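Note that the structure is a prediction, hence the values are computed from the model and not measured. Chain A is the first sequence line, chain B the second, and so forth, proteins listed ahead of strands; every chain is numbered from 1.
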4 protein chains.
Amino acid sequence: MNDHSLFAMKQNKNKEKYFRIIQAATRVFARRGFYQAKVSEIAREAKVADGTIYLYFENKDDILISLFEEQMKVVLQNMREQVAGLESPVQKLERFALCHLRLIEQNKDMAEIIQVELRQSSKFMKSYKNEQFAEYLDLIADIVRAGQQEGLFKKAILPDLVKRALFGALDELSRYWVLSSHRKYDIETAAKQISDTFLYGLAADSGKISAEIQGKRERRLR
Amino acid sequence: MNDHSLFAMKQNKNKEKYFRIIQAATRVFARRGFYQAKVSEIAREAKVADGTIYLYFENKDDILISLFEEQMKVVLQNMREQVAGLESPVQKLERFALCHLRLIEQNKDMAEIIQVELRQSSKFMKSYKNEQFAEYLDLIADIVRAGQQEGLFKKAILPDLVKRALFGALDELSRYWVLSSHRKYDIETAAKQISDTFLYGLAADSGKISAEIQGKRERRLR
Amino acid sequence: MNDHSLFAMKQNKNKEKYFRIIQAATRVFARRGFYQAKVSEIAREAKVADGTIYLYFENKDDILISLFEEQMKVVLQNMREQVAGLESPVQKLERFALCHLRLIEQNKDMAEIIQVELRQSSKFMKSYKNEQFAEYLDLIADIVRAGQQEGLFKKAILPDLVKRALFGALDELSRYWVLSSHRKYDIETAAKQISDTFLYGLAADSGKISAEIQGKRERRLR
Amino acid sequence: MNDHSLFAMKQNKNKEKYFRIIQAATRVFARRGFYQAKVSEIAREAKVADGTIYLYFENKDDILISLFEEQMKVVLQNMREQVAGLESPVQKLERFALCHLRLIEQNKDMAEIIQVELRQSSKFMKSYKNEQFAEYLDLIADIVRAGQQEGLFKKAILPDLVKRALFGALDELSRYWVLSSHRKYDIETAAKQISDTFLYGLAADSGKISAEIQGKRERRLR
DNA sequence: AATGAATGAGGCTTCATTCAT
DNA sequence: CATGAATGAAGCCTCATTCAT
């Protein structure tokens, strides 16, 4: 075994512990909130000693930041792949809404942190710019721009405004789910209603959009 | 001066101090966030002694809760009045969007708290149910229902879903403004784009909605 | 009404309020203990304003000291009268034991304070010497000395030691009663056993003491 | 060094620190009284950080309770051994009185706490039952019962009453010593007078008791 | 690298005391 | 004299972080 592989092994071992702490922190932050969460509780949940946390993270803030980065990396990558395979901006936007809500559903802890602590964090960590999140939002803006270029969406609509509006709409909806731990309507219905509302809302020509939306269904059924 | 007026004066004085603390807390919570805010800082900002806070509030949590209640009371009342004078659900929804964003603009500290701490609060104050906020959201749901009954909005759309989606869209937008303290587009544009998007999105018949939207403009110009 | 009578009236009014506070403090100190008792609670119980307390007492410590002084004054006076009418030291000692326990019984709050706070007080109020209490103890020492002079009690016994021993015996017994709020034996039995034990214990000649003890009974029956 | 000895060493270290805090608390509580004592002062006296206290004790109350438990454990054990070696109840009672006073003498801080704070404690720690102390008192009751069975003490005397009376007598005496920090008579004299008083007081036949008391002296001189 | 006992700064809260009315 | 709202000093306790092992 050469030095490199030794290093690699150590890295693996480290990475494994690093992620174990991230996972634990996700659960604890979701359960208690950032300020109520104790480092020692994260340590216990990760089955490491308190001090070990500080071999992998600068401080408590750094755990939260790293957690965002790591989780958003996966989320972003996943959403990119989901959207990449589709042609029409209409389908892409529909897919985005559905995937986002599903993601929240499957990853409630992370969702809760994004919704609750992400906001806190931008206050207490003034220096921290959540670039992953910005890129996530820009996925929407890119879809809108593409739709505008194809003449599907109104030119006058500001993509940077829509990206926040759509994200906000989805986020508020899921916030309600996450915190109330029950819901009146299922994910597919919610995603459909939200994306339809935005699609018709953005539509340059509602008939064309309607056809696109229907078209997708038909293609899917075929 | 009779007993009653003496009592009234004292009450006024008390109320005045109570609101001075609320105001101070609003600024401090907005500046630091709930957990970073120190009670002594609120006291200093309100120009009272630390102990005085506890003559008006149970504890730090209670300051936050009272702050919500008081501010939401005003916000809710104001929005009800704004919306009450209008006939068409279309106009109401437009007004709601515009007023909400203006409110945020004029009351950044409160907005920041609603957006950041309101979410925290539902975690750390498990028992606290923000009824005022629920009523605020229901203003939107009521508008949507009215629109559906008039045949303006699609019957299939769920008002309880839309209320969250619209609020979320507006909130996320203003969050960006509040936190970044600058913006690319003005309030009127943002409100118009959001409300138009939702109105066309909800429209049973886009032509009729279009007419309503135009109609309002015309009435306003007259 | 001349100045003097006005003064007298004021003094009366004052005295009345002064004692009302003393009474209230007795109840509150007994209920909570000195440190747990709040001045505002005493004020409430005395139906005066918090600030009024400080028109009659220097500070919280002073309330406790005054309370001792006033209550001990009564207790001391009462016990002096009880003992004065009796001839034999034997009877006097018996009477002392019985009266002390009855006093405790009828005045549980005061008893609790004497037993619990009196001890505290000698610590935190280093300067305070409880002279009334010393005189109370000396009632016993005087009885013992008289008994020694009459040849009833052993000359070798130290009166200053016995006074503490007897008081301690009675006090510990009543402490148990006061704190446990129930007892296995009645006051008369307890007083009799304690005084008998001490009388026989002090006796120069147990026969003579026995006769004295019996004698008293007979005189009483006559 | 194997795991076990490492563990043992750590335990020793911990135990050592635990007792260092107990010792420090004993001094500080004796000096200031429970309520005047500051946790930080105990920490300083124990040469640990403030927070360290809370690794070994729940809170300030728990320090006092633990202190009682630990010290009474030793006192009780010691007194049991002292009394166990003796045959006659007379000697046992004499020994109890002497040992108790010597114990107080050698352990003034602890004595002060028992006398002052033990009483407080039964108020502020309603739930806490000082079982060790009850057992300590029962040592006396057991001696009295034994004496009654041997026909030395009057059958009519209630052991549960005597145990409190004797303890009270000794305690009040030593309280005076502890608080006044000087005394008119030495421990042996005091112990002798108290125990003699109680022994003659309890005696079924004063001659027999007298012989017992003398007998012990003679045996001791032999 | 891992541990977890120890640290100690700092905040929320209480409450005796004051003083303007 | 009486009031009671206001004061602000002070202490218990928490918990992020360190460091000797």
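Annotation: of the two residues near DNA chain F, A:Ala37 and D:Ala37, the 5′-most nearest-nucleotide partner is D:Ala37. Projected onto DNA chain E by closest heavy-atom contact, C:Asn59 and A:Ala49 fall at different nucleotides, the more 5' of which corresponds to A:Ala49. When each of B:Lys38 and A:Thr52 is assigned the nucleotide of DNA chain E with its nearest heavy atom, A:Thr52 is the one assigned upstream, toward the 5' end. If B:Leu55 and D:Lys60 are placed on DNA chain F by their nearest nucleotide, the residue sitting closer to the 5' end is B:Leu55.
Looking at DNA chain E, the stems built from 3 or more consecutive Watson-Crick or G-U wobble pairs, each pair with its key distances under 3.5 Å, are E:2-21 with F:2-21.
Taking side-chain N and O atoms only, C:Tyr56 has a distance below 4.0 Å to OP1 or OP2 of F:dA2. Note on A:Asn14: a side-chain N or O is less than 4.0 Å away from OP1 or OP2 of E:dA1. Contact annotation: A:Lys17 side-chain N/O to E:dA2 OP1/OP2 distance is under 4.0 Å.
Comment: B:Arg20 engages B:Glu16 in a salt bridge, judged by a side-chain N to carboxylate O separation of less than 4.0 angstrom. For the pair B:Lys73 and B:Glu70, the salt-bridge criterion is met [side-chain N within less than 4.0 Å of a carboxylate O].
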Evaluate ring-ring contact (aromatic ring centres under 6.0 Å, His included) for B:Phe68 paired with B:Phe133, printing each intermediate quantity in order. CA-CA 9 Å; B:Phe68 279 144; B:Phe133 178 67; 9.0 Å; no
Evaluate the salt bridge (charged side-chain N to carboxylate O under 4.0 Å, His left out) criterion for residues C:Arg31 and C:Glu112: first the C-alpha distance (whole Å), next the side-chain angles of each, then the deciding distance (0.1 Å), finally the verdict. CA-CA 9 Å; C:Arg31 196 158 59 225; C:Glu112 197 156 342; over 6 Å; no
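Protein atom NZ of D:Lys15 is 14 Å distant from nucleotide atom P of E:dA5, rounded to whole Å. Taking atom CD of residue D:Glu41 and atom C1' of nucleotide F:dC12, one finds them 14 Å apart after rounding to whole Å. Straight-line distance from the CD1 atom of D:Ile21 to the P atom of F:dC12: 15 Å, rounded to whole Å. Between B:Tyr54 atom OH and F:dA5 atom P the separation is 19 Å, expressed in whole Å. Rounded to whole Å, atom C1' of F:dT17 lies 14 Å from atom CG of A:Asp62. In this entry the distance linking CD1 of A:Ile63 with P of F:dA16 reads 9 Å, nearest Å. The interatomic distance linking A:Asp50 (CG) with F:dC15 (P) rounds to 12 Å, in whole Å. In this structure, C:Leu64 atom CG and E:dA16 atom P are separated by 13 Å, rounded to whole Å.
Because its NZ or CZ atom is both nearer than 6.0 Å to the ring centre of C:Phe34 and within 45° of the ring axis, C:Lys60 counts as a cation-pi partner of that residue.
Distance alone, capped at 3.5 Å, is enough to place a donor-acceptor pair between the A:Ser66 side chain and the A:Asp62 backbone. In this structure, the side chain of B:Thr26 engages the main chain of B:Ile22 through a donor-acceptor pair within 3.5 Å.
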